[in-house]
Amino acid sequence: MTKNPVFVLSDTLAVEALQKMVLGKFRHLPVVENGEVIALLDIAKCLYDAIAGRLEGRLKGKAIAAAVES
């Protein structure tokens with residue numbers, strides 16, 4: 001068993017989880033809630049969520065800018 005395993009909480013952002021996986025050089029990361037593992041994240045899923053979140057933020061920003069200009 002790994003001493004002091006790296007994990008994230010259920011409210012951790014996908015970008016933060018992805019960063020932990022990249023820095024730790026691993027592809028899976030446990031999600032912990034109330035001291036129990038409730039899920040296991042996959043690096044591909046976190047990367048997809050991080051990209052989708054950034055894209056959504058940019059699209060919202062463009063919509064706001066267009067509304068202000070109108």
Side-chain angles (χ1 to χ4, degrees):
M1 180 73 187
T2 302
K3 289 184 181 183
N4 302 317
V6 177
F7 62 90
V8 294
L9 302 175
S10 58
D11 61 349
T12 302
L13 297 174
V15 173
E16 294 174 38
L18 180 61
Q19 183 179 23
K20 283 188 176 197
M21 285 189 258
V22 170
L23 292 174
K25 298 181 180 178
F26 39 80
R27 296 176 187 224
H28 297 92
L29 189 64
V31 179
V32 175
E33 190 173 286
N34 298 322
E36 293 186 25
V37 176
I38 60 167
L40 189 63
L41 291 178
D42 179 85
I43 195 166
K45 173 72 171 136
C46 287
L47 181 57
Y48 174 81
D49 288 350
I51 290 170
R54 297 256 179 180
L55 179 59
E56 183 178 319
R58 287 187 184 150
L59 292 175
K60 284 183 182 178
K62 288 180 183 179
I64 292 169
V68 170
E69 289 176 5
S70 297

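Heavy atoms only: backbone and side chains are in, while hydrogens, waters and symmetry mates are out.
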Exercise. Can V6 be reached from V8 by stepping across I, L, V, M, F, W or Y side chains whose heavy atoms are under 4.5 Å apart?
Worked result: yes
Residues 13-34 side chain polar contacts: donor-acceptor under 3.5 Å, at least two apart:
{"from": "K20", "atom 1": "NZ", "to": "F7", "atom 2": "O", "distance (Å)": "3.2"}
{"from": "H28", "atom 1": "NE2", "to": "D42", "atom 2": "OD1", "distance (Å)": "3.2"}
{"from": "E33", "atom 1": "OE1", "to": "S10", "atom 2": "OG", "distance (Å)": "2.7"}

Seminar exercise, completed: Going by chain and number, the hydrophobic cluster around Y48 (ILVMFWY, side chain to side chain under 4.5 Å) further includes none
